[in-house]
Amino acid sequence: MSDIYKCWLPEKNDKRLALWKSYFTSVYADSSDKTTQTAVRELRRAARIRTSSERTGEGFALVTDESLGAGGYRIGITDSEIVIAGGDGSGKLYGVLRFLTLAAGSMLKSKTLCETPAYPLRIVDHWDNADGTVERGYSGGSLFFREDRVSDDNEALTDYARLLASVGINAVCPNNVNVHDTETLFITDRYLGDFARIAKIFRGYGIRLFLSVNFAAPTQIGGLDTADPLDDSVRKWWSSAAAEIYRRIPDFGGFVVKADSEGRPGPHTYGRDHADGANMLAEALAPYGGAVIWRCFVYNCRTDRNDRSTDRAKAAYDNFLPLDGRFADNVYLQIKNGPMDFQIREPVSPLFGALNKTNMLAEFQITQEYTGQQIDLCYLVPMWKECLDFGKRHGQVKDRIQGAAGVSNTGDGAFLTGNPLAGANLYGFGRLLFDPEQSADRIAAEWVCASITTNKIAAVEIVCMLVRSREIYESYTSPLGVGWMVVPGTHYGVDVDGYEYSRWGTYHYADGDGIGADRTQATGTGYTAQYDSVNARLYEDIKTCPDELLLFFHHVPYTHVLHSGKTVIQHIYDSHFEGAEQAAGLLKDWKSLESYIPADIYAECLHRFELQAANSENWRDVVNTYFFRKSGIPDSHGRKIYE
């Protein structure tokens with residue numbers, strides 16, 4: 001038994017399953033495929049139970065019902081039998097793990113539960129490096145690597161695979177999209193044996209292995225003098241590399257690629273475009289059923305602040321819209337939920353609504369790079385739902401994508417997700433992809449009861465804390481969608497001008513008269529034109545632009561009156577005072593729950609709430625002081641602002 005933290009899955013002989021003891025007598029399965037076998041093992045792992053070669057009408061029965069589709073399942077409960085039907089082996093496994101999770105959390109309220117995954121590709125991307133570090137990781141070191149070696153802790157990796165499968169994840173990419181020298185070798189004999197071992201572990205849980213690759217690999221490790229995607233020698237090199245990968249890993253998922261962004265190599269070096277690069281790799285993978293996941297996070301990272309015509313937010317749309325329809329069928333464009341970089345508030349990327357002939361995946365950041373780094377509580381499911389629900393009816397993002405990728409928030413720390421409460425984001429990502437119609441509140445309630453406490457009063461309070469947490473974090477950090485006021489590099493804590501004069505193109509343009517980026521067609525960068533006509537008009541007109549996004553789209557005077565009736569400057573003061581007060585309230589609320597929470601979870605979260613309270617006060621004082629000095633306008637309530 002590995003010591004990996006089990007999060008929401010019950011331990012062996014978990015007392016919370018006692019109510020279901022009468023069913024843990026025998027388990028019958030109508031097939032012996034690998035994932036069905038795993039489903040049987042999961043029941044046997046939860047409690048002492050024997051296998052049966054015949055269905056007796058008692059205990060558990062795992063049966064196939066192809067009408068449920070790939071990954072679909074149905075749980076039916078009678079007085080003597082629990083029938084878990086699956087469209088395939090993965091469906092039966094999902095059904096078993098779903099039953100165990102809900103049963104342990106006392107959340108199985110109906111005798112029938114039927115679900116089918118909404119999307120065919122549900123992937124978790126790790127930004128893990130071969131040396132064991134994790135880029136933008138806040139939960140310890142890598143689960144997959146240490147000192148340029150692939151982990152040999154098969155037991156821990158098995159436990160991690162079962163955790164991902166329990167929320168319907170069916171693909172994983174273990175290595176960083178920023179592929180360094182050592183990781184470039186991952187597709188060679190030196191490492192493929194280890195990855196074949198990992199793929200076998202995850203295969204048992206219905207999860208396919210992907211790898212991030214270096215577009216320049218033919219020159220860096222292949223002995224070629226070019227990586228030009230239209231060069232025959234390059235195409236042959238990648239075809240040969242793919243053939244060897246699939247010889248070792250027959251169900252290999254494919255490649256994840258970051259190209260021509262933030263210094264990463266790509267097809268632009270050779271005068272080619274993103275379709276040329278992606279299609280070359282897709283051609284190599286196509287014979288084996290593999291896919292290319294090509295990230296759309298591209299922009300010129302040497303922007304001049306004084307050039308108001310340039311706009312980093314426009315980059316993905318400008319690069320990829322002209323290529324719509326040119327990508328191969330096994331290419332998926334992976335688009336960040338917003339046009340910038342995982343800010344606490346930004347509009348939904350217009351690229352989702354513009355591409356009509358190209359496969360798309362949404363990219364969400366489960367690890368909280370700009371949203372508290374798993375120190376400050378920030379439940380992200382409401383943000384992701386806003387993205388998925390964006391757009392016209394029947395043309396919403398959730399109806400246009402083929403799946404999503406989540407940047408993992410896990411590591412080898414004591415609680416797997418660093419902050420135990422950050423487990424809600426990993427759980428929520430998987431559940432939301434399985435069924436995007438679920439409410440954020442319902443997902444939070446399931447997770448709390450399975451992971452933290454089944455005490456009704458305490459569970460309701462923690463759900464309330466989670467659901468409010470994003471708005472609290474937003475209120476004491478960057479106001480009205482302006483974003484970015486973080487310490488450069490680490491991205492935690494406040495530095496209002498940290499990126500204001502840098503090359504990264506993330507400017508708030510605050511001066512003595514006002515604040516905000518003008519992205520209108522009339523007087524600004526023209527970014528609003530990237531949206532459909534309805535949303536373009538909404539954002540273009542300062543009278544209709546939502547308050548929470550005002551400074552993303554408009555440069556306004558501090559005396560501009562919001563729809564709320566407040567001026568911009570008073571909103572800044574009020575939100576930062578209120579946000580710090582609410583963050584202190586989270587700490588107080590948590591302290592009131594001590595008797596209901598396991599001691600180790602309580603202590604770890606208490607420490608993080610204390611850090612969050614201090615962080616919120618720092619944000620409050622720095623931001624309010626900055627804008628008082630800029631505007632010269634005092635707080636109408638006369639509260640303390642440090643001059």
Side-chain angles (χ1 to χ4, degrees), residues 1-12 14 16 97 100-101 104-105 124 126-128 132-134 136-144 146 151 153 155-167 169 172 365-369 371-381 406-431 443-444 446-454 458-459 462-463 465-466 469 473 492 586-587 589-591 593-594 596-612 615:
M1 190 75 169
S2 81
D3 60 359
I4 191 170
Y5 187 65
K6 302 304 183 292
C7 293
W8 52 85
L9 285 176
E11 302 276 4
K12 187 174 181 65
D14 197 307
R16 296 176 300 168
L97 293 172
L100 293 173
T101 300
V124 166
H126 283 258
W127 287 359
D128 296 19
T133 60
V134 181
R136 306 305 175 193
Y138 311 106
S139 309
S142 172
L143 294 169
F144 291 94
R146 186 77 71 230
S151 171
D153 191 344
E155 204 169 5
L157 291 174
T158 298
D159 273 354
Y160 185 52
R162 68 191 287 263
L163 190 73
L164 295 183
S166 72
V167 289
I169 299 301
V172 65
Q365 192 178 54
I366 310 171
T367 190
Q368 299 167 221
E369 179 182 353
T371 55
Q373 301 193 2
Q374 297 176 182
I375 297 171
D376 297 27
L377 183 66
C378 192
Y379 179 51
L380 295 171
V381 174
V407 181
S408 172
N409 66 340
T410 54
D412 66 359
F415 291 98
L416 196 67
T417 57
N419 186 339
L421 296 181
N425 287 328
L426 180 60
Y427 181 89
F429 172 77
R431 290 298 303 143
I443 292 171
E446 287 181 3
W447 177 82
V448 168
C449 290
S451 302
I452 307 297
T453 181
T454 55
I462 297 171
V463 169
M465 293 169 69
L466 286 167
S469 62
Y473 184 84
Y492 184 80
L586 290 174
L587 173 59
D589 292 343
W590 186 253
K591 287 181 177 179
L593 300 173
E594 181 176 6
Y596 304 110
I597 311 297
D600 55 346
I601 294 177
Y602 175 80
E604 183 63 31
C605 292
L606 177 66
H607 174 60
R608 291 173 188 261
F609 279 124
E610 291 170 342
L611 293 175
Q612 179 174 0
N615 186 40

Problem set entry | salt bridge (Lys or Arg N to Asp or Glu O under 4.0 Å) partners of Glu446, counting only residues at least two apart |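 Partners of Glu446 under the salt bridge (Lys or Arg N to Asp or Glu O under 4.0 Å) test: Arg98, Arg431, Arg442.
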For this session: With sequence neighbours excluded, tell me which residues meet salt bridge (Lys or Arg N to Asp or Glu O under 4.0 Å) with Asp14.
Result: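 Asp14 satisfies salt bridge (Lys or Arg N to Asp or Glu O under 4.0 Å) with Arg16 only.
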Is there a side-chain contact between [X] and [Y] (heavy atoms, below 4.5 Å)?
X: Leu426; Y: Leu163; result: yes
X: Ile601; Y: Tyr5; result: yes
X: Val463; Y: Trp447; result: no

Under the side chain to side chain contact (heavy atoms under 4.5 Å, CB included) test, which residues partner [X], sequence neighbours left out?
X: Leu586; result: Met465, Arg468, Ile472, Phe609, Gln612
X: Glu610; result: Leu587, Leu606, His607
X: Cys378; result: Ile344, Gln368, Thr371, Leu380, Arg470, Tyr473

Starting at [atom1] of [X], measure out to [atom2] of [Y] and round the result to the nearest 0.5 Å.
X: Ser166; Y: Trp8; atom1: OG; atom2: CH2; answer: 5.0 Å
X: Tyr602; Y: Lys591; atom1: OH; atom2: NZ; answer: 7.0 Å
X: Leu143; Y: Ser408; atom1: CG; atom2: OG; answer: 7.0 Å

Problem set entry | Residues Asp376, Asn615; criterion side chain to side chain donor-acceptor pair (under 3.5 Å); working and verdict | CA-CA 8 Å; Asp376 297 27; Asn615 186 40; 2.9 Å; yes
Exercise. So which pairs with a foot in residues 412-424 pass side-chain hydrogen bond (donor to acceptor under 3.5 Å, both in side chains), sequence neighbours left out?
Worked result: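 Residue pairs passing side-chain hydrogen bond (donor to acceptor under 3.5 Å, both in side chains), neighbours aside: Arg146-Asp412.
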